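The structure presented is a predicted model; accordingly, all values stated were derived computationally and were not measured. All chains are named by letter (A, B, ...) in the order of the sequence lines, taking the proteins before the strands, and each is independently numbered beginning at 1.
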There are 2 protein chains.
Amino acid sequence: MTSRGVRHDSMRARNLAVVLAAIHRSGPHTRAALAERTGLTKTTVSSLVADLLEAGAVTEGGAVRGGERGRPGVAVRLSGRRVAALGLEVNIDYLAACVVDLTRTVRLRRTVRADNRNSDPALVLTGLRDLVKETVAQAEAEGLRIAGGALAVPGTVEDGVLRNAPHLGWRDVRVADLVELPFAVDNEANLAALGELWFGCRDADFLYVSGEIGIGAGLVVAGEVFRGTFGLAGELGHVVVAGDGPACRCGGRGCLEVYAGQDALLGALPSVSELVDRLKAGDRQAMETCERAGRALGVALTSAVHLLDPGRIVLGGIYEPLFPWVAGPVAEVLEARLAPMRGAPPSVVVSRIGGDAAVLGAAGLVIQQVIAEPGRMLGL
Amino acid sequence: MTSRGVRHDSMRARNLAVVLAAIHRSGPHTRAALAERTGLTKTTVSSLVADLLEAGAVTEGGAVRGGERGRPGVAVRLSGRRVAALGLEVNIDYLAACVVDLTRTVRLRRTVRADNRNSDPALVLTGLRDLVKETVAQAEAEGLRIAGGALAVPGTVEDGVLRNAPHLGWRDVRVADLVELPFAVDNEANLAALGELWFGCRDADFLYVSGEIGIGAGLVVAGEVFRGTFGLAGELGHVVVAGDGPACRCGGRGCLEVYAGQDALLGALPSVSELVDRLKAGDRQAMETCERAGRALGVALTSAVHLLDPGRIVLGGIYEPLFPWVAGPVAEVLEARLAPMRGAPPSVVVSRIGGDAAVLGAAGLVIQQVIAEPGRMLGL
DNA sequence: TGCTATTAGTCCATAATCTGTACATAATCC
DNA sequence: GGATTATGTACAGATTATGGACTAATAGCA
């Protein structure tokens with residue numbers, strides 16, 4: 001737990017990361033601009049950039065912005081040619097994979113339908129492994145080198161072990177050693193939040209609300225996902241809306257999920273798209289259901305804002321198609337409850353990437369790691 | 001916002017911090033043990049320790065633990081002789097100051113009664129400045145050198161500016177330049193949490209609940225205070241317990257504060273000690289009030305656990321004297337609502353330092369800074 | 001067109017810091 | 001008392017960043 005001292009090699013590694021992060025954060029820069037931003041000398045930056053060029057993480061050339069007088073600089077930008085990340089997702093009715101390059105361009109995207117409810121983990125993971133093999137082969141055929149992978153799962157994760165995924169019916173499944181690559185596993189909502197950070201709103205501070213059968217949330221503060229002590233933070237679905245409300249499957253009463261989970265929203269309807277159809281047709285009962293769910297979500301988010309202090313609120317999952325009918329009540333409740341004490345409540349916006357958030361976020365996590373530790377991830 | 005590159009001097013500064021942190025984290029160590037823990041060589045550690053010795057941050061000698069065979073090492077331990085931190089607090093009815101040395105020993109402690117409700121900030125700050133002068137002079141007379149100070153205030157703080165302290169009646173007061181020292185200002189609940197971290201339970205992961213007129217909370221994860229996006233996280237008092245409960249002064253309904261704030265607990269009683277007396281005497285009504293408050297607190301904490309995932313829960317402020325009557329209902333509610341899904345809920349314990357938490361925490365913040373940046377704080 | 005000012009990027013000697021081996025020191029074990 | 005073992009220091013060597021000098025490339029201006 002004690003942090004390690006800085007040696008010459010870790011100093012170099014850190015400086016590589018600092019330069020790469022500066023390029024990533026604010027677009028292409030000349031070496032001179034990078035030197036100014038990082039506080040390193042031009043000489044040092046040149047040397048670091050040379051390493052990054054060789055690793056294929058950056059390219060030279062392209063628009064040289066700004067230069068008023070004097071010799072124009074050479075822009076150094078992230079390269080999409082070589083380094084790429086593998087994002088994976090196991091969910092209730094599908095497996096998904098994607099490959100994203102360092103410029104955040106989605107290069108490959110595959111989904112395999114499968115009924116994974118109460119499934120055998122070994123079987124599903126074999127299927128996933130096949131999907132990975134195909135995807136990686138295809139990516140390599142395009143000249144990409146996969147620097148690492150990450151997997152999103154609908155459940156709680158501790159140290160690479162899937163502790164509990166109620167809807168899959170999995171418990172204590174070891175998934176970290178799925179492939180021979182640097183590999184991470186994390187909760188769907190956390191990764192969906194990262195997806196929003198990398199491919200959606202790109203804001204550095206927000207709470208992503210993932211409406212599925214359960215309701216999860218991922219908080220991003222200063223570009224980092226907040227995970228809590230055991231990685232269990234963000235369980236919005238069981239935040240209490242009414243202390244003595246109806247019983248919830250979690251054992252509590254009056255949890256948000258009871259009012260605004262998928263089951264509560266759909267009632268007897270077969271699917272979310274059916275609900276949306278009815279809403280579009282102006283079905284009174286459907287609209288009241290959404291109104292009620294939205295208000296409950298507003299109450300739960302009031303508590304979440306007081307405790308987590310998010311910059312804004314992004315609604316995703318099933319709340320994305322339902323946004324037009326849910327967002328109003330949510331915002332009204334937040335305004336009424338938060339404005340007097342806090343001033344303007346966080347704005348409520350819709351997710352821009354919908355159902356792809358988690359897979360993309362998984363790839364985003366890997367890209368984040370590459371930028372944070374280029375030395376380790378790229379073998380420098 | 002871009003992080004700076006590592007230069008030779010910052011490498012040294014960082015390594016000083018790493019060594020000091022290792023000594024702080026797990027007690028006195030020999031140079032050899034420090035070398036092993038930090039991954040640095042014995043030579044480097046020797047050189048770093050020499051600097052720390054000269055700065056007065058550590059001393060040699062004392063028990064040499066462990067050594068089985070071979071030449072015994074010289075223990076290097078934190079020194080209480082020279083470096084010290086100044087903790088300050090402005091509260092509704094007092095000003096407080098303390099001086100704590102690097103070994104966490106409280107060397108000085110002063111409290112000045114004063115009615116600061118709806119007071120003139122300038123006047124109160126003048127009084128505080130006098131208190132600082134006296135305290136610093138006294139500390140220096142004991143040979144201590146104050147490395148920095150921190151101030152706890154009952155309100156929200158942004159960038160050294162006190163934004164809003166409803167009970168003091170202050171708004172947008174600039175307090176950061178109170179003294180000519182490295183100086184920080186923060187919210188009372190956050191600093192009380194740090195106090196608990198440094199002088200109380202010393203756990204690295206917990207949620208400190210600060211019961212006062214309002215109810216605040218400070219979350220510590222891995223030894224760091226979580227502040228949220230704007231530093232407003234941890235407003236436990238306005239977490240919703242019952243969506244359509246009674247109105248709260250914040251504009252919401254059914255907030256925790258309505259059920260378990262000081263006003264709700266005391267009712268017509270003049271003081272907390274009066275309430276405690278009645279509870280000790282077995283007063284039925286008082287006990288029911290506490291029972292009800294405890295259950296409400298349990299419900300709010302259920303939401304907090306789902307969202308923040310704390311390691312344990314520490315009850316402080318007025319909940320400290322009331323702990324015997326409040327803790328039971330809190331724990332019961334948590335158990336009932338959390339156990340089925342999460343397993344054992346976080347344990348609920350009483351604060352060990354009571355009303356001193358915030359001042360001590362302010363000093364703790366400074367010590368934390370000294371250990372994190374000995375170069376800057378000690379002028380190395 | 002050519003000169004000057006200005007900015008970008010590289011070269012190379014120098015400085016700062018950590019590493020690694022060798023060694024003196026100081027205990028325990030038998 | 002000698003062997004063993006571990007601590008802490010000394011010194012040469014390795015790694016990395018620095019800083020000033022130098023080359024390169026462009027715009028402005030005469």
Please report the distance, rounded to the nearest Å, between [atom1] in [X] and [atom2] in [N].
| X | N | atom1 | atom2 | value |
| --- | --- | --- | --- | --- |
| A/E60 | C/dT10 | CD | C1' | 13 Å |
| B/M11 | C/dT17 | CE | P | 7 Å |
| B/E36 | D/dA6 | CD | C1' | 12 Å |
| A/L48 | D/dT18 | CG | C1' | 13 Å |
| A/D9 | C/dT19 | CG | P | 8 Å |
| A/L53 | C/dG9 | CG | P | 12 Å |
| A/L40 | D/dG19 | CG | P | 11 Å |
| A/L16 | D/dT15 | CG | C1' | 14 Å |

Checking A/Q368 side chain against A/G223 main chain: does a donor-acceptor pair fall under 3.5 Å?
yes
Can you see if the side chain of [X] gets near the phosphate of [N] - specifically, an N or O under 4.0 Å from OP1 or OP2?
| X | N | result |
| --- | --- | --- |
| B/R12 | C/dA16 | no |
| A/N15 | D/dT16 | no |
| A/S46 | C/dT10 | yes |
| B/T41 | C/dT19 | yes |

Minimum-distance nucleotide (side-chain atoms of [X] versus [options]):
| X | options | value |
| --- | --- | --- |
| A/K42 | C/dG9, D/dG8, D/dT16 | C/dG9 |
| A/T43 | D/dG19, C/dC18, C/dT25 | D/dG19 |
| B/A32 | C/dA27, C/dT10, D/dT7 | D/dT7 |
| A/R71 | D/dA25, D/dT18, C/dC18 | D/dA25 |

Determine whether a donor-acceptor pair (one donor, one acceptor, N or O, separation below 3.5 Å) exists between the side chain of [X] and the base of [N].
| X | N | value |
| --- | --- | --- |
| A/H8 | D/dT15 | yes |
| B/R31 | D/dT7 | no |
| B/R69 | C/dT28 | no |

How are the rings of A/H8 and B/H8 set to each other: parallel, tilted or perpendicular (split at 30° and 60°)?
perpendicular
May I ask you to test the B/V132-B/F183 pair for a side-chain heavy-atom distance under 4.5 Å?
no
Closest non-hydrogen atom pair, B/T103 against B/L78
CG2-O, 3.6 Å
Return the minimal non-hydrogen interatomic distance between B/V359 and B/C98, and the atom names on each side.
O-SG, 3.6 Å
Of A/S47 and A/R7, whose nearest nucleotide on DNA chain C comes first from the 5' end?
A/S47
